[in-house]
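Notes follow the structure.
Indexing begins at 1, ligand by ligand and atom by atom, following the structure's order. Fair warning: this is a prediction, and the values are worked out from it, not measured in the lab. For this chain, numbers begin at 1 and follow the sequence in order.
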Amino acid sequence: MEQVIIFDTTLRDGEQAAGGMLNIQEKLEIAKQLEKLGVDVIEAGFPIASKADFEAVRVIAKEVRTPTICGLARAHPDDIDRAWEAVKDAEHPRIHVFLSASDIHRVYQLKKSREEILQTSRDMAARAKKYVDDVEFSPMDASRTEPEYIYQILEAVIDAGATTVNIPDTVGYAIPEEFGGLIEGIFKNVPNISRAIVSVHCHNDLGLAVANSLESVKRGARQVECTINGIGERAGNASLEELVMAIRTRKDFFDLTTNIDTRQIYRTSRLVSELTGFTVQPNKAIVGANAFRHESGIHQDGVIKMPITYEIMDPRTVGIPASSLVLGKLSGRHAFKERLTELGYSLSEEDFNRAFATFKELADKKKEITDKDIESLIAQELRTVSEVYHLDRIQVTCGDRGIPTASVRLIAPDGQVLADAALGTGPVDAVCKTINKLVGVPNVLTEFTVKSVTEGIDAIGEVLIRIESEGITYTGRGADTDIIVASAKAYMNALNRLLATRKAASSS
Ligand code: KIV
Ligand code: ZN
């Protein structure tokens, strides 16, 4: 059976989503999980965009060995040279060059003639080819470009050495039949097309990214560019999990396969959601909380009798834990370890000991510890940003009579103990004000959300906070059975991220 190449751009186009900034450690963690998931290509970033982007691509290229590691470059010599510097240590490096092709972009943005665009495309594909065999070229905004002109560009870049030609629906404008027609036209009208893989890159502005990608696959495209949970610029990109599960579930229709280990889908989705702070909507196909829940009595009756009546996929094939086993105060190390293994975690001894200690603390406060609690706990324990300030103690008083007051004790990087107190409009405001007095970094809180991890009054509360400072957004997360403590943890997490980013920028 023929295979569709899965090109994941969560770390590049996905990270371009407003407010989705990730640090290098987080990108590396996602890249390692994408490797486990079995993606063929990871677009790890846009190396010329910033020092941090360059560094992230370089580290991923060094450490993630199975997939192809790709760096994005505009059709400029400096971009291409920088992309090569970033990916050159990869086991399988790729440079992805793009240049706008549509009249709309050409006339209003680039102010270049068609001949100039054609020449630059050819020259820059050739420049990338001097560095590496695996070169991808994208004529940006292809879906709004005259097909004959796309054919010319593709022929030129393939002659110059491009091995993958990617057709972007940059603004999510295409309709499946029309976009499929473009792909078919490419196969018919580009004389050297058999020397390249045809790829598609669809955005979701009209909610058609997956439909457009699947239509293209049906018409011969053999690479799809996509992101986990469909995150990305504006309305996002085609969602990896939807594409992969459509190809798998409807094998009868597509007669195609992918390299993806679908059992890793759920974990990857959770990880990306936790690290980017983008919550997955409950009705999201494949990975949403309701994707496999049946509410109607008739459906429940059917599923109990025979799951296939209302379930087209077995939730276990996407890695949704089947067991509803709950742990509690009496559960020991062994039971906890087993549950972690079943959920797909393999922790070092030291990480396990820390996680187990937190599990025991939680079990003292909460009667039943579910899989979701464990996922939240692991996220907190193992994904803390390298701490600059450590939150040591926090105390609040609030209610409808007194003025909300918080006192906070932090441990500074040099080990000094810092303590202060402040009043606020509410307990969270008082906590943030006190922390700000102690840390002294101007910032604006732009988002604050609380959600409970599970049902029940004793549930863990997860808080997500975004702060903005000097035009950059930093996301922080915290979890605790006490939502004020969770808020303090989330705020510290965002501030630590800000301080770590500034420190890294000033030392490079
Ligand atoms: O949407 C787009 O056109 C892109 C290109 C860089 C491929 O992201
Ligand atoms: Zn894009």
Under a 4.5 Å cut-off applied to non-hydrogen side-chain atoms, are Tyr266 and Ile286 in contact? no
For the residue pair [Y] / [X], report whether a side-chain donor-acceptor contact shorter than 3.5 Å exists.
X	Y	answer
Thr370	Asp373	yes
Asn212	His203	no
Asp169	Ser143	yes
Gln264	Arg267	no
Gln223	Glu225	yes

Can you list everything that forms a side chain to side chain donor-acceptor pair (under 3.5 Å) with Ser138? Sequence neighbours excluded, please. His96, Asn166
With sequence neighbours excluded, what pairs up with Ser487 under the side chain to side chain donor-acceptor pair (under 3.5 Å) test? none
N or O contacts of ligand 1 with protein under 3.5 Å, please list pair by pair.
{"from": "ligand 1", "atom 1": "1 (O)", "to": "His201", "atom 2": "NE2", "distance (Å)": "3.1"}
{"from": "ligand 1", "atom 1": "1 (O)", "to": "His203", "atom 2": "NE2", "distance (Å)": "3.0"}
{"from": "ligand 1", "atom 1": "3 (O)", "to": "Thr170", "atom 2": "OG1", "distance (Å)": "2.6"}
{"from": "ligand 1", "atom 1": "8 (O)", "to": "Arg12", "atom 2": "NH1", "distance (Å)": "3.4"}
{"from": "ligand 1", "atom 1": "8 (O)", "to": "Arg12", "atom 2": "NH2", "distance (Å)": "2.9"}
{"from": "ligand 1", "atom 1": "8 (O)", "to": "Asp13", "atom 2": "OD2", "distance (Å)": "3.1"}
{"from": "ligand 1", "atom 1": "8 (O)", "to": "His201", "atom 2": "NE2", "distance (Å)": "3.1"}

Can you list, by chain and residue number, the protein N, O or S atoms under 2.8 Å from the Zn ion (ligand 2)? Asp13 OD2, His201 NE2, His203 NE2
Think Arg219 forms a cation-pi with Phe187, using NZ or CZ under 6.0 Å from the six-ring centre and within 45 degrees of its axis? no
